[in-house]
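Structure, as structure tokens:
Quick note on labels: first sequence line is chain A, next is B, and so on, each numbered from 1. When reading the values below, keep in mind they use all heavy atoms of this one structure, side chains included, and skip hydrogens, waters and symmetry mates.
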Amino acid sequence: MSEPSCSVAHRLLLRCATGAQVREAHASLMVTGELVSSPVAAAVFLHNTLIRAYARTGGAAHLEAILVYRHLLRSALPPDTHTFPFLLKASAAALPGSAIAAAQGGAAHAQIVRLGFSGQLHATNALIHFYSLAGDLPAARRLLETSATTDVVSFNTLITGYCRSGNSAAARKLFDEMPQRNGISWTAMISGHVHCGEEREALSLFSAMQSSGVPPMAATLVSVLSACAQLGALEQGRWVHRHLRVSGGGAATINVFLGTALIDMYAKCGEVDAAVAVFEAMPERNLLSWTTLIGGLAVHGRGTAALRLFEQMETSGVAPDDVAFVAALSACSHAGLLDDGRRIFAAMRRRYGVEPKLEHYGCLVDLLARGGRLTEAMAAVEEMPVSPDGRIWSALMAGCRFHGDAKLAERVAERLVALEPDNGGVYVLLANVYGAAGRHGEAVRVRGAMRRRCLGKAPGWSSVEVGGEVHQFTAGGGSHPAAAAARAKWAAVERRLREEEGYVPGREEVLVEVEEEEKDAAVGGHSEKIAMGFAMLRSGEGERMRIMKNLRVCGDCHRATKLVSKVFRREIVVRDRTRFHIFRDGRCSCGDYW
DNA sequence: TTAGGGTTAG
């Protein structure tokens, strides 16, 4: 007996990987007339399969899935229980910016009720999914609470919905209360914490998952690695890598997601060579894997290597997207590659049709401004099609400060203050510009204005990983139990730097109105130095010290860290807000350009 | 050989 033609078409459609392929298969079904002239069950089946195929491929194809559904209705064919999950999935995926998709979801809900499908588990779950993505979490919650049948998937879907909308607390409550959990429940909650910037919660939930005996899935480890990357938790990240190597299948278990997550983790933990090794061992790479490594090399200041990789990616037939261009441009900006940066920026639109966004302008302005091309940088800002935000002006401002252009800095500061009047950091920047230009009276005036408005700068902190544990310090040491010991250790270290290298704590970074005597103490209290003191107290002699901070390294800390690496023969890895500094033998990998 | 949930870069 020969196979029914709808089965052949079904298999064909599910093999389609792109919207264009689905469109072609769709067209051939229209030509043969199979879509409408088959027996009713087969015709509905084919419509469902088409909707599913469009839903899978993404982009504009999501909307075409909706068109197929409307074609089904126009052909007077009855949607069945299989139709709605596919339709809702496509509608949910098409949601951003599509009023049609939003309306279709609501209409499908009404139709489900009318046809008596509302008791069906799959319809319920698809609706929860749709409302979650539509941002209507109360509607999704109502479905979970009032539906006759729900299962673990219903809960998992709502947990994900809460997390995507930023409400991890509601998600966690649901997770804690749900009657049973599977691996996906744990994974959804762990990745949800990461999504909401709660990496520590994510890691502690992962250890709870392990205690509960549920084995981690690949997707779980991807999220765990992402948490490690954000936290700079190298030891835990390495543990995941080892775990992958020993548990079943060896390197083959490292899929493209895990490989990319490992690259990111190593790069963000200061081990860029390990990131390169993972990349080279990957059997399969995609745009994200390339981009991650390019960005990793960029933050390590390896601009030339990053650009070489970018070219290799192009030659291998992978077209860069907007994110890849951010990575390439930031590589130029961290390494001061002025001409390459200009060239790549121009090629974005011309060769690849990628419209430059704020981030791209940010890199360009940063590059030009720090390269001393302040006029060109200002011109770039003025010709931007989108209005510049605080980050763009800040990049320009940093350039002004670096090159001592107090006049332009004032103009830029006016724009910045207008944009972000409550951001104390802006005033600090301006005061520093005046300080660098020797106009101390003006600097004091700006500080005064800042105080009158009761504005503060975001408090700085530094953290250091010792023995797999992360310790955090604010300026002066903060509330860490070992703050006093760390401060004392730093004082001893600094004495040796003075004796052997003639180190004098720099003054340009200090609040100008602070008395002379207190200046050294204020600089000595920078969180980075306390963290370094703590690391020297607690870590082994030859060990690399790993410090992470939320602000940029200041000039004085940079100088002091270089000297520590020389005098104490220690390698020090510092991850600051924008890049890595690797200190060795009195030198820094940034070449003093940051 | 027809359904639903989780996963990486900036």
Side-chain angles (χ1 to χ4, degrees), chain A residues 3-4 6-15 41-42 44-53 55 80-89 92 117 120-130 132-133 149-161 163-164 181-192 194-195 216-227 229 254-265 267-268 275 279 282 285-296 298-299 320-330 357-360 362-363:
Chain A
E3 206 178 7
C6 66
S7 302
V8 178
H10 172 73
R11 272 211 312 275
L12 186 76
L13 276 167
L14 291 193
R15 267 207 305 272
V44 173
F45 172 43
L46 275 179
H47 277 86
N48 290 349
T49 309
L50 248 183
I51 295 171
R52 178 182 177 188
D80 64 12
T81 52
H82 302 300
T83 311
F84 292 103
F86 294 139
L87 173 67
L88 283 164
K89 191 161 189 187
F117 295 157
Q120 300 255 347
L121 189 54
H122 296 308
T124 304
N125 288 342
L127 282 168
I128 293 175
H129 179 70
F130 174 82
S132 290
L133 282 195
T149 45
T150 56
D151 67 353
V152 62
V153 177
S154 324
F155 281 85
N156 291 349
T157 312
L158 188 55
I159 285 171
T160 306
C163 291
R164 285 195 192 169
R181 303 176 191 97
N182 60 17
I184 293 175
S185 321
W186 287 94
T187 304
M189 197 58 239
I190 289 168
S191 80
V194 176
H195 181 88
M217 305 185 303
T220 321
L221 298 175
V222 167
S223 285
V224 168
L225 284 169
S226 169
I254 298 184
N255 64 23
V256 67
F257 287 100
L258 276 167
T260 305
L262 279 169
I263 293 171
D264 191 42
M265 183 278 293
K268 290 214 171 87
F279 178 82
M282 279 171 80
R285 297 161 187 162
N286 64 14
L287 175 60
L288 276 72
S289 335
W290 287 95
T291 306
T292 306
L293 187 57
I294 293 168
V299 291
D321 69 349
D322 56 334
V323 183
F325 276 109
V326 171
L329 288 169
S330 81
K357 290 197 249 183
L358 264 176
E359 293 94 319
H360 305 103
C363 292

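Of all heavy-atom pairs spanning A/C163 and A/M189, the tightest one is SG-CE, 4.1 Å.
Atom pair A/L225:CG and B/dT8:P shows a separation of 11 Å (rounding to whole Å applied). Between the CG atom of A/L258 and the P atom of B/dT8 there is a distance of 11 Å, rounded to whole Å. A/K357 has its NZ atom 15 Å from the P atom of B/dA9, to the nearest Å. Between the CG atom of A/L329 and the P atom of B/dA9 there is a distance of 19 Å, given to the nearest Å. Distance CE (A/M217) to P (B/dT8): 12 Å, rounded to an integer number of Å. A straight line from CZ of A/R164 to P of B/dG6 spans 5 Å, rounded to a whole angstrom. Nucleotide B/dT8 holds its P atom 8 Å from the CZ atom of A/F257, rounded to whole Å. Nucleotide B/dT2 holds its P atom 5 Å from the NE2 atom of A/H10, rounded to whole Å.
Nucleic acid contact for A/N182: base, since at least one base atom lies under 4.0 Å from a heavy atom of the residue.
Side-chain proximity of A/T291 to the nucleotides B/dA9, B/dG4, B/dG6 is greatest for B/dA9. In this structure, the nucleotide among B/dT2, B/dG5, B/dA9 sitting nearest to the side chain of A/H129 is B/dG5. Nearest to the side-chain atoms of A/N156 among the listed nucleotides B/dG6, B/dG5, B/dT8 stands B/dG5. Here B/dA9 is the nucleotide among B/dG4, B/dG6, B/dA9 with the atom lying nearest to any side-chain atom of A/L288. The side chain of A/D321 lies closest to B/dA9 when the candidates are B/dG5, B/dG4, B/dA9. Minimum atom distance to the side chain of A/D264 is reached by B/dA9, of the listed B/dG5, B/dA9, B/dA3. Closest to the side chain of A/P85, out of B/dG4, B/dG5, B/dT8, is B/dG4. When distances are taken from the side chain of A/T160 to each of B/dG6, B/dA3, B/dT8, the shortest belongs to B/dG6. Closest to the side chain of A/V222, out of B/dT2, B/dA9, B/dT7, is B/dT7. Among the nucleotides B/dT8, B/dT2, B/dG4, the one closest to any side-chain atom of A/F45 is B/dT2.
The phosphate of B/dA3 (OP1 or OP2) has no side-chain N or O of A/T81 nearer than 4.0 angstrom. For A/K268, no side-chain nitrogen or oxygen approaches OP1 or OP2 of B/dA9 to under 4.0 Å.
You'll find the side chain of A/D151 reaches within 4.5 Å of the side chain of A/N125, heavy atoms only.
Residue A/D151 places a side-chain atom within donor-acceptor reach of the base of B/dG4, judged by atom type and a 3.5 Å distance cut-off alone.
Just one of A/R11, A/H10, A/H82 meets the side chain to side chain donor-acceptor pair (under 3.5 Å) condition when paired with A/T49; it is A/H10.
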Check against side chain to side chain contact (heavy atoms under 4.5 Å, CB included), A/T81 and A/H122: CA-CA 8 Å; A/T81 52; A/H122 296 308; over 6 Å; no
